[in-house]
Structure formats: C-alpha cells, structure tokens
Amino acid sequence: MSNHFYVLDDPEQMSIAAANFLMETAVKVIEKKGRFVISLAGGSTPKKMYQLLGKAPFKDAVAWNKFYVLFGDERCVPETSPDSNSRMAKEAWLNKVSIPADQIFLINGTLPPAEAAQRYENDLKSLFANEEPVIDLCFLGLGDDGHTASLFPRTEALQENEKWVTAVHVEKMDSWRISLTAPFLKRSDQIAFLVSGEKKANILPKVINGAYRPTEYPAQLILKGQPNVHWFLDEAAASRMK
Ligand code: 6PG
C-alpha cells in the first residue's frame with residue numbers, strides 16, 4: 001500500500017486540493033479510457049468539495065459527459081430526505097453540471113434494503129458488462145469509529161466477499177444503509193479519503209499506523225494491499241499523526 005498524504009490548513013483548502021486532484025485524475029483517465037468512473041463519499045465532509053465542483057473554475061474544466069458516477073453508500077431514506085447522500089451531492093454539484101442522468105447511478109433508498117442492494121448490484125453489473133469492474137477514483141470518508149462507506153465495525157457487511165453491494169443494519173443508529181462492499185471498493189484504481197476535523201484525530205493514526213484490526217476499524221479492509229491511497233486531511237484531523 002502506498003499512502004499519499006496532503007495535509008491542508010483547513011477544510012476549505014483540503015476541499016480545493018481534493019477537487020484539483022479529482023480534475024487532474026479525470027482528465028488523465030478520460031484521455032486514456034474515454035470515460036471516468038467515480039464513486040462518491042457520503043456524509044458531510046465532501047460537501048465543500050462537491051460545491052466547488054459545481055461552480056467555476058471546476059464547472060467548466062472537464063468533459064462531464066464522460067463521467068459515470070456511483071455512490072459508495074446511501075442511507076435507506078427517500079432522496080428528498082436531508083440524510084440522503086445523493087440529494088446532497090446533486091444539490092451541491094451534480095445538478096449543476098452536464099453529466100447525463102443515465103450515467104449517475106443512484107441507490108434507491110426507499111426499497112426494502114436487500115432489494116435496494118440487489119438492484120444496485122444489477123445496475124453496476126450492467127455498467128461493467130463484459131469487463132472487469134474498475135472504479136477509476138473512489139472517494140471515501142472516515143467515521144470516528146473507523147467505518148468507511150457504510151462498512152461499520154462488527155457488522156456482517158465486513159464478511160461479504162462475493163457481492164458488490166450489501167445492505168447493512170447499523171445498530172447504533174437503528175437504521176439501514178446500502179454500501180459497496182470491501183471487495184468492490186478495492187477494485188478502485190485510486191482511492192481518496194477526505195478526513196477533516198478534530199473528531200477524526202484519534203482514529204486516523206489507529207487506522208493508518210495501528211495494528212490490523214478490520215472488524216474494529218473497517219477502513220483498514222480497504223487499505224490492505226491497496227496501491228494508491230490519497231489522504232486529503234486538514235491540520236485538525238492530522239494533529240495526532242506522527
Ligand atoms: C455516510 C458516509 C460515511 C461518512 C463517514 C464520515 O453515508 O455517512 O458514507 O462513511 O463518510 O461517516 O462522515 P462525515 O464526513 O459526516 O464525518
């Protein structure tokens with residue numbers, strides 16, 4: 001695993017650095033492959049980056065019609081819910097650029113969880129029909145408990161080694177989520193974590209430098225053996241990293 005660290009002063013600078021990285025990667029991949037498959041992180045941290053991508057100069061800087069957008073996870077809520085990851089990404093960014101609607105792969109949070117997961121898996125299987133699935137760039141967040149996407153500690157989702165998509169019941173939130181699985185997330189050519197704020201300062205060194213305890217720190221499942229991992233951090237989150 002080769003980790004690349006970018007520690008910026010604050011969330012705004014971190015978001016700008018991550019948006020620049022996204023654009024540079026997208027241009028290179030589109031030039032080489034003719035399309036760019038990106039998986040988006042949910043939660044609150046990526047919102048600033050998404051907002052930057054929805055306005056100049058980023059808004060006019062790339063061939064959006066070559067983008068194929070996946071979601072790393074989704075809460076089992078209607079898209080109108082303030083908790084919806086796709087709602088946040090659409091309002092901040094996707095509704096402001098010209099990515100064709102059929103190239104944005106939404107997870108249907110209103111279906112029964114197992115059905116929602118299966119449907120999403122079917123959609124991804126059709127996107128990658130007859131080819132090995134590769135996510136060109138996968139953005140992920142990190143929870144202060146070491147979860148990423150909706151791969152939460154001590155959940156059955158961590159044992160899923162075949163499926164690409166799974167339904168997860170998160171005890172502590174008493175809620176269902178749909179998540180890409182660790183094996184599918186590991187099909188990413190590049191992975192970029194966005195981690196900001198003092199709340200994440202304790203978990204970061206445990207996930208990156210600590211003992212390999214993936215049941216406790218699921219983000220470690222994604223890191224193991226992964227060649228290109230980029231950490232976009234602010235000073236606060238990185239404050240306990242050696
Ligand atoms: C989600 C995310 C989740 C998130 C972390 C960090 O749906 O919530 O996919 O994995 O990235 O919980 O969340 P914050 O960015 O809000 O701290």
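What you are looking at is a predicted structure, and each value in this text was computed from that prediction instead of being measured. Values below: all heavy atoms of this structure, side chains included; hydrogens, waters and symmetry mates excluded. If you read the sequence from its start, that first residue is 1, and numbering goes on from there.
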Side-chain heavy atoms of [X] within contact of [Y], under 4.5 Å:
X    : Y    : result
R35  : I30  : no
L158 : L151 : yes
E216 : K206 : no
L40  : I38  : yes

Distance-only, no hydrogens or angles: does the [X] side chain make a donor-acceptor pair with backbone N or O of [Y] under 3.5 Å?
X    : Y    : answer
Y68  : F105 : no
E235 : D10  : no
Y217 : L204 : no
K200 : D144 : no
Q220 : R213 : yes

Neighbour count above 12 (heavy atom, 6.0 Å) for E31 CD: no
Salt bridge (Lys or Arg N to Asp or Glu O under 4.0 Å) pairs, two or more places apart, involving residues 87-114: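 Pairs touching residues 87-114 that pass the test: E79-K90, R87-E91.
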Spacing of E12 atom CD and L52 atom CG [to the nearest 0.5 Å]: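 Rounded to the nearest 0.5 Å, the CD-CG separation comes to 5.5 Å.
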Gap between atom CG of L140 and atom OG1 of T148 - 0.5 Å precision: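 One gets 4.0 Å once the value is rounded to the nearest 0.5 Å.
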By side-chain hydrogen bond (donor to acceptor under 3.5 Å, both in side chains) - contacts of [X] (at least two apart):
X    : result
K48  : none
K163 : none
Q118 : N122

D73-S179 side chain donor-acceptor pair, cut-off 3.5 Å: no
Test item: side-chain donor near acceptor, E74 and S86, under 3.5 Å: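 Yes, because at least one side-chain N or O of E74 sits under 3.5 Å from a partner of the opposite role on S86.
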Between F232 and F21, ring centroids under 6.0 Å: yes
Sequence-distant partners of R119, salt bridge (charged side-chain N to carboxylate O under 4.0 Å, His left out), two or more places apart: E115
K125/E121 salt bridge by N-O under 4.0 Å criterion: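 Here E121 pairs with K125 in a salt bridge, since their nearest N and O are under 4.0 Å apart.
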Parallel, tilted or perpendicular, as decided by the 30° and 60° cut-offs, for the rings of H169 and W176: tilted
E132 vs R187, salt bridge (charged side-chain N to carboxylate O under 4.0 Å, His left out): CA-CA, chis, key distance, verdict: CA-CA 9 Å; E132 275 302 300; R187 288 183 170 279; 2.9 Å; yes
Partner set under side-chain contact (heavy atoms from CB on, under 4.5 Å) for A114, not counting sequence neighbours: none
K172 to F152 six-membered ring, cation-pi geometry met (6.0 Å, 45°):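 The answer is no, since K172 fails at least one limit relative to F152.
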Stepwise side-chain contact (heavy atoms from CB on, under 4.5 Å) test for V207 and L142: CA-CA 9 Å; V207 163; L142 181 68; 4.2 Å; yes
